[in-house]
Amino acid sequence: MNQRGLGLGAVLSLVVLIMGQNGALAQGTPQGTPEQQQACQPDVMRLCGAFIPDVDRIVACLKYNEPNLNPACHDVMFPYVPEEPKPKARPKAKPKPKKKTEPR
């Protein structure tokens with residue numbers, strides 16, 4: 001592998017590590033897995049290659065291009081985090097009927 005390929009590989013690993021930290025922290029994973037890295041590598045090259053080696057700009061580029069990410073990379077960058085269920089509202093108590101007063 002040539003020097004540029006080694007440098008590019010190192011940059012991509014770093015980018016995916018950061019993406020893994022941003023996206024996978026919600027899932028409890030401290031680093032991107034090899035599968036997550038593989039999922040985003042084509043999108044980094046296709047959409048954000050102009051920003052290599054600036055990791056912050058690559059991550060921003062991927063987030064900006066959310067609609068254009070392949071589904072696997074989208075799941076890495078924007079993991080599904082289920083919403084907490086909202087508490088059910090208590091039914092309102094029925095008002096007590098008013099007593100009718102008899103005329104005097």
Side-chain angles (χ1 to χ4, degrees):
M1 189 182 271
N2 63 24
Q3 185 123 11
R4 184 171 192 270
L6 287 173
L8 183 59
V11 168
L12 287 175
S13 296
L14 183 60
V15 168
V16 175
L17 174 69
I18 289 173
M19 290 182 334
Q21 289 174 339
N22 288 343
L25 279 178
Q27 300 169 352
T29 306
Q31 297 180 356
T33 65
E35 291 81 15
Q36 289 172 324
Q37 294 174 9
Q38 194 173 19
C40 286
Q41 185 173 353
D43 287 339
V44 169
M45 299 303 295
R46 178 173 58 94
L47 300 169
C48 307
F51 300 117
I52 294 172
D54 189 333
V55 175
D56 292 334
R57 289 179 70 188
I58 293 171
V59 172
C61 171
L62 289 172
K63 289 181 179 180
Y64 177 80
N65 282 290
E66 177 183 2
N68 302 320
L69 297 179
N70 72 62
C73 185
H74 189 276
D75 290 345
V76 171
M77 293 297 296
F78 303 95
Y80 172 72
V81 179
E83 261 187 49
E84 290 289 322
K86 295 180 182 176
K88 293 182 180 178
R90 290 184 176 178
K92 291 185 179 181
K94 293 182 181 178
K96 293 182 181 179
K98 293 182 181 178
K99 292 183 180 179
K100 293 184 180 179
T101 56
E102 293 183 21
R104 296 185 196 203

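One-based numbering along the sequence shown.
In this structure, Gln41 contributes its side chain and Gln38 its backbone to no donor-acceptor pair below 3.5 Å.
In this structure, the side-chain contact (heavy atoms from CB on, under 4.5 Å) partners of Ala72, at least two apart in sequence or on a different chain, are Ala39, Asn70.
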Apply side chain to side chain contact (heavy atoms under 4.5 Å, CB included) to the pair Asp43 and Asn65, showing each step before the final yes or no.
-> CA-CA 9 Å; Asp43 287 339; Asn65 282 290; over 6 Å; no
Begin from the C-alpha positions of Val59 and Met77 and carry the test side chain to side chain contact (heavy atoms under 4.5 Å, CB included) through to its verdict.
-> CA-CA 9 Å; Val59 172; Met77 293 297 296; 4.2 Å; yes
Just do the side chain to side chain contact (heavy atoms under 4.5 Å, CB included) check on Met45 and Ile52 with the steps written out, would you?
-> CA-CA 9 Å; Met45 299 303 295; Ile52 294 172; 4.2 Å; yes
Derivation of the side chain to side chain contact (heavy atoms under 4.5 Å, CB included) call for Leu69 and Phe78 | CA-CA 10 Å; Leu69 297 179; Phe78 303 95; 3.9 Å; yes
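Rounded to the nearest 0.5 angstrom, Gln37 CD and Cys73 SG are separated by 11.5 Å. Note that the NE2 atom of His74 and the CG atom of Leu62 stand 11.0 Å from one another [nearest 0.5 Å]. For the atom pair SG of Cys48 and NZ of Lys63, the computed distance is 12.0 Å after rounding to the nearest 0.5 Å.
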